[in-house]
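Data block below; observations after.
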Amino acid sequence: MARWKARERLCVAVLAVTVIACGVTWVGWASETPESHGGSKLTALAEPNDLRWDLAEAFTFSWQTTELTAKITNSSAEVTSKSGTVERIISVSVDVGWNLKAKGLVIIDVNAPQVYELLDEDGNVIEYENAQSDQYRRYEDYPYYWTQNGTAYRNATEPEQFRVKVRLSADASQPAPSVISVLKGYIWAVYADAVIEVDVPFDPNLGDFESESAPELTFTVDVTTPPVPEPLEYICVVPSEIRGGGKYRPTRAVGLYRYATWVRSKTDRPVLGLNDGIRYPGSVYVFQDYAVIRTKLCDSTSGDVMRVNSQIVENWFATTRGAYCWGQLEQDRSAYDTICHIIVVHPVEVKIPFVLRDVPVPGVQSANK
């Protein structure tokens, strides 16, 4: 299909789209997965690429809508009624929820799930290919909070929603199914022994910093990190007694907190960012002992904590030099003096399988109409 995209042009846009909205839940909540499911102990339970049915009970999967779209592509300069290939894609929106007390669960991949089996209404195998690759996984922590015991808490009540897309056989003589009796797929997730937070003073002259919570790691504020900006002072520009008043402005230009840190292992093993490396299809990425999720800025006096949206966490070429953490945040009323590093201990990437049943597939207009 990649070759098609390189040399073909779209001749006819989407011919028809029909949506069916419904929901079928596969499994219910589990109060807690067994303790042996957490962290590095996972590797002793199964091969890295195995589907982890033993962990799937902590998740719920339900389909919400289905669509069937069709379009014609052609590589020739002229389009005739006989030339061109009909491309049909079934798209299923899937809600994923999970038990926040599941032992060792840290985060799930926010890319689309992968499908590995489709059966039609008669139980026959449907020929298909995934319309998206799992070559890259993307772990974003924005909906989550972590505790010191490695439990993830979500900062939202709504489940995560994904869109599963499969491309049917290009042979137009093979009709699209009216019902998918079984859809088997999987999502990626990261489990770990613990999630720890290490606060490093915002001081490039500090040298190597160590923490009891991560005795095998050293933290260094890069010498290129500029000093923290001076505290802001504000003057009142609209008195509070005036309607809509009480407005203030800083007496000088607002500064930026800019920082760069290194997280290294004393054992010379790589320390990675959670999204480091190329994820080859069907392969589990080896995180080693530690992976840095993100950094944030903290005010040790007031206790204020600020998420830094403009940041990078990565290990260049997975070297032993360590994870490089860079961030930038516009100054506000807080006086941030520490850089907090959120780190997972013994992270393991796993595949969480799911099954959806009796998913209706809407009809599509004929390509000749």
Side-chain angles (χ1 to χ4, degrees), residues 100-101 104-108 110 138-158 160 190 192-206 208-215 217-222 224-234 248 250 254-264 271-276 290-314 322-345 347:
L100 296 180
K101 295 182 180 180
L105 173 62
V106 175
I107 200 168
I108 65 174
V110 297
R138 186 160 49 94
Y139 296 107
E140 293 185 356
D141 64 303
Y142 60 87
Y144 308 93
Y145 290 124
W146 290 274
T147 65
Q148 291 295 325
N149 64 6
T151 302
Y153 287 96
R154 205 162 173 241
N155 187 23
T157 56
E158 296 298 321
E160 198 79 44
V190 172
D193 285 345
V195 181
I196 59 176
E197 295 187 3
V198 178
D199 291 333
V200 179
F202 203 127
D203 184 0
N205 301 314
L206 180 67
D208 290 342
F209 179 85
E210 297 181 359
S211 171
E212 292 182 359
S213 60
L217 299 178
T218 61
F219 300 79
T220 307
V221 179
D222 196 271
T224 61
T225 297
V228 297
E230 293 294 326
L232 288 173
E233 294 182 357
Y234 292 82
Y248 298 82
V254 176
L256 285 176
Y257 287 92
R258 287 197 180 108
Y259 61 90
T261 65
W262 292 93
V263 183
R264 300 180 177 90
V271 179
L272 306 174
L274 200 61
N275 284 302
D276 266 330
Y290 299 94
V292 182
I293 297 176
R294 65 156 34 251
T295 58
K296 57 187 180 182
L297 291 179
C298 307
D299 183 336
S300 61
T301 301
S302 66
D304 292 343
V305 178
M306 180 60 68
R307 173 190 169 92
V308 181
N309 291 323
S310 179
Q311 70 169 276
I312 298 171
V313 177
E314 63 184 359
Y324 175 74
C325 308
W326 175 90
Q328 173 175 291
L329 178 69
E330 185 176 287
Q331 184 181 13
D332 58 22
R333 292 178 181 269
S334 298
Y336 302 113
D337 55 2
T338 58
I339 306 166
C340 179
H341 298 71
I342 303 176
I343 300 169
V344 285
V345 182

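Heavy atoms only: backbone and side chains are in, while hydrogens, waters and symmetry mates are out.
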Which pair of non-hydrogen atoms, one from [X] and one from [Y], has the smallest distance, and what is that distance?
{"X": "Ala214", "Y": "Val198", "value": "CB-CG2, 4.4 Å"}
{"X": "Lys296", "Y": "Val305", "value": "CD-CG1, 3.4 Å"}
{"X": "Pro204", "Y": "Thr225", "value": "CG-O, 3.5 Å"}
{"X": "Thr295", "Y": "Cys325", "value": "CG2-CB, 3.8 Å"}
{"X": "Pro226", "Y": "Phe202", "value": "O-CE2, 3.7 Å"}
{"X": "Trp262", "Y": "Asp222", "value": "NE1-OD2, 2.9 Å"}

Next on the checklist: Could you measure the distance from the CZ atom of Phe209 to the CG atom of Leu217? Nearest 0.5 Å is fine.
Outcome noted: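 One finds 12.0 Å between CZ of Phe209 and CG of Leu217.
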Item to check | CD1-CD distance between Ile196 and Glu212, expressed to the nearest 0.5 angstrom | outcome: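 Reported value, rounded in 0.5 Å steps: 12.0 Å.
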Does some side-chain heavy atom of [Y] sit less than 4.5 Å from a side-chain heavy atom of [X]?
{"X": "Tyr290", "Y": "Val345", "answer": "yes"}
{"X": "Arg294", "Y": "Arg307", "answer": "yes"}
{"X": "Tyr257", "Y": "Leu297", "answer": "yes"}
{"X": "Gln328", "Y": "Val308", "answer": "no"}
{"X": "Ile342", "Y": "Val195", "answer": "yes"}
{"X": "Val292", "Y": "Val271", "answer": "yes"}
{"X": "Leu256", "Y": "Gln331", "answer": "no"}

Checklist entry - Looking only at atom types and distance, does a side-chain atom of Ser302 sit under 3.5 Å from a main-chain N or O of Asp304, one as donor and one as acceptor? => result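 Yes; at least one donor-acceptor contact below 3.5 Å.
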Checklist entry - Is the closest side-chain donor-acceptor distance between Asp337 and Ser300 under 3.5 Å? => result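 Side chains of Asp337 and Ser300: pair found under 3.5 Å.
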Next on the checklist: Would Asp208 and Thr218 count as a side chain to side chain donor-acceptor pair (under 3.5 Å) here? Give the steps.
Outcome noted: CA-CA 6 Å; Asp208 290 342; Thr218 61; 4.9 Å; no
Next on the checklist: Would Arg264 and Thr220 count as a side chain to side chain contact (heavy atoms under 4.5 Å, CB included) here? Give the steps.
Outcome noted: CA-CA 8 Å; Arg264 300 180 177 90; Thr220 307; 3.5 Å; yes
Item to check | Test of ring centre spacing under 6.0 Å for Tyr259 and Trp326 | outcome: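 Not under 6.0 Å, so no.
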Item to check | Arg333 to Tyr234 six-membered ring, cation-pi geometry met (6.0 Å, 45°) | outcome: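 Yes - Arg333 lies over the ring of Tyr234, closer than 6.0 Å to its centre and within 45° of its axis.
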Next on the checklist: Using the side-chain contact (heavy atoms from CB on, under 4.5 Å) definition, which of the options Leu274, Ile108, Val344, Ile293 pairs with Tyr139?
Outcome noted: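 Among Leu274, Ile108, Val344, Ile293, the one that satisfies the side-chain contact (heavy atoms from CB on, under 4.5 Å) with Tyr139 is Leu274.
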Checklist entry - What residue among Ile343, Leu206, Thr261, Asp199 forms side-chain contact (heavy atoms from CB on, under 4.5 Å) with Phe219? => result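 Filter result, single survivor: Ile343.
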Next on the checklist: Checking Asp299 against Ser334 for the side chain to side chain donor-acceptor pair (under 3.5 Å) test, could you report, in this order, the C-alpha distance in whole Å, the side-chain angles of both residues, the deciding distance, and whether it holds?
Outcome noted: CA-CA 7 Å; Asp299 183 336; Ser334 298; 4.6 Å; no
